[in-house]
Amino acid sequence: MNEVERLFQEQQTASDAKRNAETEFPPSQTVLNRDENMSKAEDFFPEQHAASAAKRNTEKDIRSVQTMLNIGILLKTIQTALEIGMYRFPRIALNIMRSSLDSPEATEFMRKPLLLLPALLSFCIVLLFYFLLNRQNRQTTEACVPLLILTVILPLITSVISVPMNLFLTHWISRTLQSEAMAAYSIVRSTASMASFLAAPVIPLFAASAGIIRYRFKNSAQ
């Protein structure tokens, strides 16, 4: 009888525990909670997928802009190096243009560092825009809007600076030296300008980069 009573008590205890569990967590409530959690998970995964896709697109844009900026500054560097080389070694330019000018004084004058100032200044301006655009590409702020405008009018900015400087150099040469130096300067300057075709894509590349940065900032703000 003791064994029978013990088994009966165990069954009674198990039955009571089951009833208590059903009272605290009804089957219908458990199913409802499970369905609600599944619904939240289903709602969460599309948002997570969209966020991941947006992050991938942003990283792709950053890499594309970085590539365009690198190509632009590389072309400008090559163009500036060629221009400086023409001034430092004027005989090369004179031979290219098949000039019969043979004046040691004029050739030596062409090596003056002051004549390199327009080329160096133009390169420094482009380099400044490269760093500004590169910074905005990595961490975009509201400054991308005026930077886009300045990038588009960059040729105008360089012209405003370089034209008076070239006029000053021309006037200085004509007043300081004879016509041979002026002729040598004109020949070397014309030959060096032939390398400007390398820098032709720089402004379009920089402007496109600034436009992409501005578009990305506008979308992130919405």
Side-chain angles (χ1 to χ4, degrees), residues 64-137 147-212:
S64 299
V65 170
Q66 186 66 60
T67 300
M68 290 190 293
L69 293 176
N70 290 341
I71 293 174
I73 196 63
L74 177 61
L75 292 176
K76 184 61 178 178
T77 302
I78 295 174
Q79 183 258 337
T80 304
L82 290 175
E83 188 172 352
I84 292 176
M86 292 294 180
Y87 281 98
R88 297 302 296 172
F89 304 98
R91 293 305 309 174
I92 297 177
L94 296 176
N95 291 332
I96 292 176
M97 301 302 291
R98 298 183 181 277
S99 173
S100 59
L101 182 63
D102 188 12
S103 174
E105 293 81 7
T107 303
E108 185 64 27
F109 175 79
M110 294 306 302
R111 296 191 177 95
K112 288 186 176 296
L114 185 61
L115 299 179
L116 304 179
L117 191 58
L120 293 175
L121 185 58
S122 177
F123 176 77
C124 289
I125 293 174
V126 174
L127 185 63
L128 174 63
F129 274 79
Y130 170 80
F131 283 119
L132 291 175
L133 289 169
N134 191 31
R135 182 177 180 181
Q136 286 295 315
N137 186 39
L147 184 58
L148 172 60
I149 299 174
L150 291 175
T151 305
V152 173
I153 64 173
L154 183 56
L156 179 61
I157 297 174
T158 55
S159 297
V160 169
I161 297 175
S162 62
V163 169
M165 185 173 300
N166 288 326
L167 291 175
F168 165 74
L169 290 176
T170 303
H171 178 73
W172 174 56
I173 294 172
S174 62
R175 292 288 300 271
T176 305
L177 297 178
Q178 299 177 354
S179 59
E180 289 83 358
M182 190 65 192
Y185 174 71
S186 299
I187 293 172
V188 173
R189 181 180 174 187
S190 299
T191 308
S193 65
M194 296 171 58
S196 61
F197 76 94
L198 290 172
V202 174
I203 303 302
L205 286 171
F206 279 21
S209 301
I212 294 174

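Throughout, numbering of the chain's residues begins at 1 and tracks the sequence. The analysis underlying the following values was restricted to heavy atoms, covering all of them including side chains, and did not include hydrogens, waters or symmetry mates.
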Rounded to the nearest 0.5 Å, what separation is found between the [atom1] atom of [X] and the [atom2] atom of [Y]?
X: T191; Y: L82; atom1: OG1; atom2: CG; result: 12.0 Å
X: K76; Y: F206; atom1: NZ; atom2: CZ; result: 10.0 Å
X: Y130; Y: L205; atom1: OH; atom2: CG; result: 12.0 Å
X: I73; Y: F131; atom1: CD1; atom2: CZ; result: 7.5 Å
X: M165; Y: L114; atom1: CE; atom2: CG; result: 8.5 Å
X: L120; Y: L115; atom1: CG; atom2: CG; result: 11.0 Å

Item to check | V65/Q136 under side-chain contact (heavy atoms from CB on, under 4.5 Å): CA gap, chis, key distance, verdict | outcome: CA-CA 10 Å; V65 170; Q136 286 295 315; over 6 Å; no
Checklist entry - Pick one: which of L148, L69, L128 meets side chain to side chain contact (heavy atoms under 4.5 Å, CB included) with L133? => result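 In the set L148, L69, L128, the residue that makes a side chain to side chain contact (heavy atoms under 4.5 Å, CB included) with L133 is L69.
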Next on the checklist: Just so I know, are the side chains of L116 and R88 near enough to count as touching, which here means a heavy-atom distance under 4.5 Å?
Outcome noted: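 Yes - at least one pair of side-chain heavy atoms lies under 4.5 Å apart.
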Checklist entry - Hey, are the side chains of F129 and I157 touching, using non-hydrogen atoms and a 4.5 Å cut-off? => result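 In contact.
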Item to check | Audit row: F123, I84, side-chain contact (heavy atoms from CB on, under 4.5 Å) steps and yes/no | outcome: CA-CA 11 Å; F123 176 77; I84 292 176; over 6 Å; no
Exercise: identify the closest heavy-atom pair between [X] and [Y]:
X: S196; Y: S193; answer: OG-O, 2.5 Å
X: Q66; Y: N134; answer: OE1-OD1, 2.5 Å
X: I203; Y: T151; answer: CG2-O, 4.1 Å
X: T80; Y: A119; answer: CG2-O, 4.0 Å
X: A199; Y: Q79; answer: CB-OE1, 3.9 Å
X: S159; Y: P164; answer: O-CD, 4.0 Å

Next on the checklist: With side-chain contact (heavy atoms from CB on, under 4.5 Å) as the criterion, how do M68 and I212 come out once you've worked through the C-alpha distance, each side chain's angles and the decisive distance to 0.1 Å?
Outcome noted: CA-CA 11 Å; M68 290 190 293; I212 294 174; 3.5 Å; yes
Checklist entry - Are the side chain of S122 and the backbone of P118 linked by a donor-acceptor contact shorter than 3.5 Å? => result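 Side chain of S122 to backbone of P118, a donor-acceptor pair under 3.5 Å: no, none is there.
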